[in-house]
Amino acid sequence: MAAPTVTVAGPAGERAEVPAGATVADALAELGLRKGQIVVAKADGELVDLDAPVDGGEVLEPVPADTDEGRHVLRHSVAHVMAQAVTDLFPEAKFAIGPPVADGFYYDFDVDRPFTPEDLAAITDRMHEIIRENQAFRRRELSVDEALEVFADQPYKREIIEQAAAGESTDEAAGDAAPGAAISVYENVRPDGTVWPDLCRGPHLPTTKWVPAFELQRVAGAYWRGRNDNPMLQRIYGTAWESKKALKAHLHRLEEARKRDHRVLGRDLDLLSFPEELGTGLAVWHPRGGVVRQAMEDYARDEHARRGYESVYTPHIGKSHLWETSGHLEFYAESMYPPIEMDERAGGHTDAYYPKPMNCPFHVLVYKSRTRSYRELPLRLFELGTVYRYELSGVVHGLLRARGFTQDDSHLFCAPEQVVEEAQGIIDFTLDLYRDFGFTDGPSRVALSTRPEKAATVGSDEGWAAAEDALRRALDASGLEWVTDEGEGAFYGPKIDFQITDAIGRAWQLTTVQVDFNLPERFDLSYVGADGAQHRPMMIHRALFGSLDRFFAILLEHYAGAFPTWLAPVQAVVVPIADRHAAYGHEVAAALGARGLRAEVDDSDETMGAKIRKHQVGKVPYQLIVGDDEVEAGTVAVRPRVGEQRKGVPLATFTDDLATEVAERHPPQA
RNA sequence: GCCGGGAUAGCUCAGCUGGCAGAGCAGCCGCCUUGUAAGCGGCAGGUCAGGGGUUCGAAUCCCCUUCCCGGCUCCA
């Protein structure tokens, strides 16, 4: 007697009859969909194990290993293999969570001593053994009590189970248990029949042998559940891929990203350095970096002036009373440098001067310097303001996270009814700026950040609502897609944050636009309206680059050091073929210099092959080769950093072309 | 700040269980006078991050400090 059958379908409408109780893998085969390296499947859109039984009626879709979802499952499975290897080698280890993450996975362990590089090698070896043993990933559904029994000596697992049992949502990143559902456990079945269980939602590879390629990368500390009052666990990071080739390609990409590191390029291209003598998070800019930075500053000054901003200059330190009034000492003190105590007064009282972490109180003082009329609004005060923030030593990272940096900072003082229009103007400005610096796709993420918990006592509910609404209206008018980040606002007001994505796909936070109705109250700001009465202005804080230093670093990494010509420290190098061409070379450079272009002559004692290599490696946009032919004809041989050489270009033609390219801020050639 | 790993010439790195500090590149000098990604030779360059300790003897082992790297927390 034939077994009863059920019907399954494929995503394109394929249909097949399979015996009741058949596995997903068999059903996919019957549908003709089990082709290539399939690691898991989707049933009606939900990821399921290949050896899960089909119910009948579902739509099945194969998930290949070389897809995001396929790799996700693969990495999750390798995380289990690693955890088993660790518990085999360190029986006392308590394991916490081990999810897949972008490009890899990690697992957190509570162990008596930190893992050493030698430990990682041993764990890797044990993982290879486990993979060779072809251990099945066997799914079981347990009651809460059964699960607590299985993990009797695993306190972190028990905590997750108990939380799930209580119906509290668990950390999604943990991926280990779904609230309310039965507790699912995956058991790796060893050759001797014993099992290594892990709490897990799944799904997983069918067996460990399906792991094609992995590598353990590093050990790091991580707080349990990410809270710094919890114990610190030892986290092992690794990566896993669908093939050895894909793993190798990934490691190669990491190497390429490392070469783009602005700290490495900054040194190699002689742009800037971080002298140990200076201190953590503090950079010095060399002349070549200074050229780029000055081009950025010139851009900022010109564009702000054109858009009705007025330049102001303010000092780097201010008295404690100012920071009390502004609220910084109450809400921001842990990020501020300690004060300079000075000027002892009668009675032993001293004044404390704090280096500024923000420019806003100073711009408020400019506003407050006299009575303001509604006719002056909006008043847009602009400053390249250098600020100092006492970042925790562990977070400092080159220019991307420095302790001293310069913002292209503005504070706009306006009437409440002007806020939306001003915010729109800032958004337009921002989009223009991204385009001019080569991020032609615009922002990759725009978010409205709303009132944070720490601001519960700051301002009124109505004030926050009005400010958030103004930003919402400006965003809607911009036509940009945007999302809301609840509770991520500044302590004085909601904000819009813009992110851009660089050439290798990394997202960076740049621009921030913040509406503030609190500082005007704290400083009792006012203007005289048309009605002759006193009114309270609103403030908008905004920085478009965010930080000049940080934006410079992002540009450097985005362009891998090959700046667009308008920003390049040296725009053209003249390479004379022999000594007798040096005089003409200097004429060429002088002609370019007379047009405000940055040109140098390499009249060193090297062969021209060596010179060309040097400047190619140095990312100079154009090399101008001059020999007998060029001297004779008054031309240059133009060797662009990318693309074909053009011989016999009249000097005047090249000069005009280069001047145009710079004036129009052309992006670099691919 | 917390966890781990580091620091040898300007850069990249070698220097083994403690026993005379090295190489390549960069720099400087000289030769070569060059037609499209590294010509040849020479010279110079070090408080082995700083301080303390163990030892007959420390770049090497131990402790502290500084700085860096990778994470966690945080953020422009």
Side-chain angles (χ1 to χ4, degrees), chain A residues 101 106 108 111 113-117 119-120 217-237 258 261 263-264 267-268 270 273-282 332 334-335 357-358 387 389-409 488 490 495 497-499 508-512 514 541-551 553-554 575-582 603-618 623-630 637-639 641 644-645 647:
Chain A
V101 292
Y106 67 79
D108 287 346
V111 280
R113 63 162 179 87
F115 296 113
T116 64
D119 293 335
L120 279 197
Q217 295 171 296
R218 65 182 72 92
V219 183
Y223 299 107
W224 166 236
R225 290 198 179 283
R227 283 199 293 272
N228 62 6
D229 46 352
N230 280 342
M232 180 157 281
L233 308 176
Q234 292 296 313
R235 174 173 297 180
I236 302 178
Y237 279 93
R258 198 192 63 79
D261 188 313
R263 296 162 301 188
V264 174
R267 187 206 327 108
D268 290 350
D270 195 16
S273 56
F274 297 90
E276 186 177 330
E277 300 88 326
L278 191 51
T280 296
L282 301 169
Y332 204 76
E334 65 183 22
S335 295
M358 296 186 191
V387 296
R389 297 185 185 174
Y390 192 78
E391 300 290 350
L392 295 179
S393 60
V395 309
V396 168
H397 182 88
L399 292 179
L400 293 170
R401 196 74 183 274
R403 281 186 172 169
F405 57 95
T406 301
Q407 298 179 301
D408 59 328
D409 205 5
E488 296 294 317
K495 60 178 181 172
D497 289 323
F498 290 75
Q499 280 185 358
W508 301 103
Q509 152 103 51
L510 299 177
T511 304
T512 179
Q514 308 170 352
H541 308 237
R542 42 110 293 184
L544 306 189
F545 290 132
S547 145
L548 276 170
D549 310 68
R550 177 184 166 84
F551 189 69
I554 292 166
V575 178
I577 287 171
D579 288 349
R580 64 181 180 278
H581 311 123
D603 54 7
S604 67
D605 230 9
E606 289 294 336
T607 58
M608 66 173 294
K611 292 181 190 178
I612 286 169
R613 177 184 152 78
K614 177 180 174 183
H615 301 117
Q616 190 72 24
V617 170
Q623 296 190 49
L624 306 177
I625 317 297
V626 296
D628 290 335
D629 299 347
E630 287 76 20
V638 181
R639 189 185 204 282
R641 192 184 64 80
E644 292 293 299
Q645 175 178 240
K647 283 191 175 173

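Sequence lines set the chain letters: A, B, ... in the order given, protein chains first and strands last, and positions in each chain run from 1.
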* To do: Indicate, yes or no, whether a donor-acceptor pair under 3.5 Å links the base of B/G35 to the side chain of A/E630.
  => yes

* Structure fact -> Test side-chain hydrogen bond (donor to acceptor under 3.5 Å, both in side chains), reference A/R639, set A/Q623, A/E644, A/Q616, A/Q645, output is A/Q616

* Asked: Distance check: side-chain N/O of A/S393 vs OP1/OP2 of B/G1, anything under 4.0 Å?
  -> yes

* Asked: CZ of A/R580 versus C1' of B/U34: gap in Å, rounded?
  -> 9 Å

* B/C72, B/G35, B/U33: which one has an atom nearest the side-chain heavy atoms of A/A222? -> B/C72

* **Rounded P spacing from B/A38 to B/G27 in Å** => 16 Å

* Asked: Of the candidate nucleotides B/G39, B/U36, B/C3, which contains the atom at the shortest distance from the side chain of A/E606?
  -> B/G39

* Side chain of A/D579 (C-beta onward), nearest among B/G71, B/G39, B/U33 -> B/U33

* Asked: Distance check: side-chain N/O of A/R218 vs OP1/OP2 of B/C3, anything under 4.0 Å?
  -> no

* **Closest nucleotide among B/U34, B/A37, B/A76 to the A/R401 side chain** => B/A76

* Output the single nucleotide from B/A38, B/A76, B/C72 whose closest atom is nearest the side chain of A/R550. => B/A76

* Asked: Does A/T607 put a side-chain nitrogen or oxygen below 4.0 Å from OP1 or OP2 of B/A38?
  -> no

* Does A/Y237 put a side-chain nitrogen or oxygen below 4.0 Å from OP1 or OP2 of B/C72? -> yes

* Establish, from distance only, whether the side-chain atoms of A/H615 and A/R641 form a donor-acceptor pair under 3.5 Å. => no

* Asked: According to a strict under-4.0 Å criterion, is A/K611 in side-chain N/O contact with OP1 or OP2 of B/U34?
  -> no

* To do: Side chain of A/I577 only, please: which of B/A37, B/U34, B/C75 is the nearest?
  => B/U34

* Structure fact -> Applying side-chain hydrogen bond (donor to acceptor under 3.5 Å, both in side chains) to A/T607 and not counting sequence neighbours gives none

* Looking across every strand, which nucleic acid part, if any, lies under 4.0 Å from A/G609 by heavy atom: base, sugar-phosphate, or nothing? -> sugar-phosphate

* Asked: Between A/L282 and A/R639, who's closer to the 5' end of RNA chain B by nearest nucleotide?
  -> A/R639

* To do: Would you mind classifying the nucleic acid contact of A/G281 as base, sugar-phosphate or nothing, using non-hydrogen atoms under 4.0 angstrom?
  => sugar-phosphate

* B/G19 to B/A58 separation - C1' atoms, rounded to the nearest Å -> 10 Å

* Paired with B/C67 by Watson-Crick or G-U wobble geometry, both distances under 3.5 Å: which nucleotide is it? -> B/G6

* Checking all strands, does A/K647 fall into the base, sugar-phosphate, or nothing category for heavy-atom contacts under 4.0 angstrom? -> base

* Using atom CD of A/Q407 as one end and atom P of B/C75 as the other, report the distance to the nearest whole Å. => 15 Å

* Asked: Does B/C72 have a Watson-Crick or wobble mate here (both distances under 3.5 Å), and if so which one?
  -> B/G1

* To do: Using heavy atoms to find the nearest nucleotide of RNA chain B for A/F545 and A/Q234 separately, return the residue whose nucleotide is more 5′.
  => A/Q234

* Asked: Contact class for A/H397 (heavy atom, under 4.0 Å): base, sugar-phosphate, or nothing?
  -> sugar-phosphate

* Structure fact -> Applying the 3.5 Å cut-off to both distances, the Watson-Crick or G-U partner of B/U34 turns out to be none

* Structure fact -> pair_partner(B/G19), Watson-Crick or wobble, both distances < 3.5 Å, evaluates to B/C56

* To do: Round to the nearest Å and state the distance from A/R235 atom CZ to B/C2 atom C1'.
  => 13 Å

* **Verdict with supporting geometry, A/K647 and A/D629, salt bridge (Lys or Arg N to Asp or Glu O under 4.0 Å)** => CA-CA 10 Å; A/K647 283 191 175 173; A/D629 299 347; over 6 Å; no

* Asked: Just checking A/G226: base, sugar-phosphate only, or nothing, at a heavy-atom cut-off of under 4.0 Å?
  -> sugar-phosphate

* Asked: What is the nucleic acid contact for A/D268, judged by heavy atoms within less than 4.0 Å: base, sugar-phosphate only, or nothing?
  -> nothing

* side-chain N/O A/R263 vs B/G70 OP1/OP2, d < 4.0 Å -> yes

* Structure fact -> Taken to the nearest whole Å, OH/A/Y106 to C1'/B/C3 is 15 Å

* Asked: Base, sugar-phosphate, or nothing: which does A/Q499 touch, judged by heavy atoms less than 4.0 Å apart?
  -> nothing

* Euclidean distance, atom OH of residue A/Y223 to atom P of B/C74 [Å, nearest integer] -> 10 Å

* Roughly how far apart, to the nearest Å, are B/C32 and B/G42 at atom C1'? -> 15 Å

* To do: Please work out if A/Q623 contacts a base, only the sugar-phosphate, or nothing of the nucleic acid, heavy-atom cut-off 4.0 Å.
  => nothing

* Asked: Atom CH2 in A/W224, atom CG in A/N230: separation rounded to 0.5 Å?
  -> 8.5 Å

* Nucleotide nearest A/L392 (side chain, heavy atoms from C-beta), chosen from B/C75, B/G71, B/U73 -> B/U73

* Nearest to the side chain of A/D628, which nucleotide is it out of B/G39, B/A37, B/G35? -> B/G35

* Asked: With sugar-phosphate meaning primed atoms plus P, OP1 and OP2, does A/D549 contact a base, only sugar-phosphate, or nothing at under 4.0 Å between heavy atoms?
  -> nothing

* Given the C1' atoms of B/A49 and B/C67, what is the spacing between them in whole Å? -> 8 Å

* Provide the distance between the two C1' atoms, one in B/U8 and one in B/C31, to the nearest whole Å. => 34 Å

* Structure fact -> Across every strand shown, the nucleotide meeting Watson-Crick or G-U wobble geometry with B/G24 (both distances under 3.5 Å) is B/C11

* Structure fact -> A/E391 CD to B/C74 C1', in whole Å, measures 8 Å

* To do: Classify the nucleic acid contact of A/A543 as base, sugar-phosphate or nothing, counting any heavy atom under 4.0 Å across all strands shown.
  => nothing

* Measure from the side chain of A/M232, starting at C-beta and using heavy atoms only, and say which of B/A37, B/G35, B/C72 lies closest. => B/C72

* In Å and rounded to the nearest 0.5 Å, what is the CZ to OH distance from A/R389 to A/Y332? -> 3.5 Å

* Can you sort out the partners of A/S335 under side-chain hydrogen bond (donor to acceptor under 3.5 Å, both in side chains), two or more places apart, ordered by chain and number? => none

* When rounded to the nearest 0.5 angstrom, what distance separates NE2 in A/H581 from CG in A/D628? -> 3.5 Å

* Looking at CG of A/L544 and CZ of A/F551, how far apart are the two atoms once the value is rounded to the nearest 0.5 Å? -> 10.0 Å

* Base, sugar-phosphate, or nothing: which does A/R227 touch, judged by heavy atoms less than 4.0 Å apart? -> nothing

* Asked: Whole-Å distance between B/U65 P and A/E276 CD?
  -> 15 Å

* Nearest-neighbour nucleotide for the A/A220 side chain, B/G71, B/G35, B/A76 considered -> B/G71

* To do: Could you measure between the two C1' atoms, the one in B/U60 and the one in B/A14, and give it in whole Å?
  => 14 Å

* Any donor-acceptor N or O pair under 3.5 Å, side chains A/Y237, A/R235 -> yes

* To do: Both distances under 3.5 Å, Watson-Crick or G-U wobble: report the partner of B/G46, or none.
  => none

* A/R267 CZ - B/C69 C1' separation (whole Å) -> 13 Å

